[in-house]
Every structure is written in C-alpha cells, then in structure tokens.
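First comes the structure, then the notes that go with it.
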Amino acid sequence: MTLNPVQQDELLQKITERLVYLLPLGWHHVQLDYRALGDHVSAGVLLRMVDGGVSGWPLPAEVVDMFSELRAGTARPERGAWVQATYWLTYPNEYQVEYNRDKDPGFATPPPPEQYRRELERFPRREEHVPDWLRDTAALA
C-alpha cells in the first residue's frame, strides 16, 4: 500500500510516540539506522543519555515492523524503495529522518546475493534507477 505524505508523517509520528514511551529514563538523543534489502533487515540504535553516556539500545520488533511498513509505503514503481533510513530523535519528541535510495547501505553483515535480486523483484526500478552495486550483485544471484 502506497502511503501519501500525510500518512507517511502519521506513521513517523507513531514511531516517535512508541520510541518515547519505550526509551529508558534519562535519554536525550537517539540515532536509529534501519537498513533493508529484499527480506534482509538490519536495525540498530545509538542512545545518548542526559549525563553524556552513549550506548546501544535494543530496537523493539514492533518499531522495526513500522519501519518496514514505512519503506514499503514509500516505494515508487519507477524508483524502487529506499534501502536505508537514518532517524534522529531529540528529547522530548523532535525527530527528523533521511532516506538513502541509491547508495550501498553498507551492511555490517552483507545480505546473501539472492536478496539483491529479491529487492528488485519486490521493489522494481527503471533501469536508469538501478545503481551499479545493486545491479551487479543481483546479476550474480
């Protein structure tokens, strides 16, 4: 299902509300990185506390699922889907998000080659919108 801009914003607000509810007391800033290619998903959170401490934080599956919904809802037939989203949240609920549609998302553990092909099956792109890193690996699968 394609999400219009209002629906995208509503989903991002829902993500924000859920995170604010789940984050530990004393948090100040969050950086969330979500990467997906085909069915391969990697997500992580860097949490900065009011006292200056920094640590990782386990991202709840429900938030991962909301980002998957956002990715599918923002995909465009001619352009495909973004492969990485970086989301920043500053206390109490100010957020911004940046999407990467074309650059290699740089997975810590690369997806299997068949996931590159799966990406193009799930989220088709016109030839001129398929980056070399995606085309070359999909061709090997």
So which atom in Leu11 and which in Met66 form the shortest heavy-atom distance, rounded to 0.1 Å? CD2-O, 3.7 Å
OG1-CD distance between Thr90 and Gln31, expressed to the nearest 0.5 angstrom: 10.5 Å
Can Tyr21 be reached from Trp88 by stepping across I, L, V, M, F, W or Y side chains whose heavy atoms are under 4.5 Å apart? no
Quick one: does any side-chain atom of Arg71 pair with a main-chain N or O of Trp82 as donor and acceptor, under 3.5 Å? yes
Are any non-hydrogen side-chain atoms of Leu120 and Tyr116 less than 4.5 angstrom apart? no
Contact check, side chains of Val50 and Tyr91, non-hydrogen atoms, under 4.5 Å: no
Is there a side-chain contact (heavy atoms from CB on, under 4.5 Å) between Leu19 and Tyr87 once you walk through the steps? CA-CA 11 Å; Leu19 284 171; Tyr87 167 95; 3.5 Å; yes
Taking the side chain as every heavy atom from C-beta outward, state whether Asn93 and Glu17 have any atom pair closer than 4.5 Å. no
Is a salt bridge present between Asp102 and Arg79, judged by a nitrogen-to-oxygen distance below 4.0 Å? yes
Heavy-atom closest pair (His40 atom, Pro112 atom, distance to 0.1 Å) is ND1-CD, 4.1 Å
Are Tyr99 and Val45 linked, directly or through other ILVMFWY residues, by side chains that come within less than 4.5 angstrom of each other? yes
Would you confirm whether Arg35, through its side chain, and Gly106, through its main-chain N or O, come within 3.5 Å as a donor-acceptor pair? yes
What distance do Asp33 atom CG and Phe107 atom CZ have between them, rounded to the nearest 0.5 Å? 11.0 Å
Minimum heavy-atom separation for Leu3 to Arg76, with atom names? O-NH2, 3.5 Å
So, for Phe123 and Ala72, which heavy atoms are closest and what is the spacing to 0.1 Å? CE2-CA, 3.9 Å
Nearest 0.5 angstrom please: Arg117 CZ to Glu121 CD, how far? 5.0 Å
Connected via hydrophobic side-chain network under 4.5 Å: Tyr34 and Leu89: yes
With clusters defined by side-chain heavy atoms of hydrophobic residues (ILVMFWY) lying less than 4.5 Å apart, directly or transitively, does Ile15 cluster with Val30? yes
Of the non-hydrogen atoms in Glu127 and Arg135, which two are nearest, and what is the gap between them? OE2-NE, 2.7 Å
Please report the shortest heavy-atom distance between Asp39 and Arg122, naming the atom on each side. OD1-NH1, 3.5 Å
Please determine whether residues Leu22 and Leu46 belong to a single hydrophobic cluster, defined as Ile, Leu, Val, Met, Phe, Trp and Tyr linked transitively by side-chain heavy-atom distances below 4.5 Å. no
Determine whether Trp27 and Val20 make a side-chain contact, defined as any pair of heavy atoms from C-beta on separated by less than 4.5 Å. yes
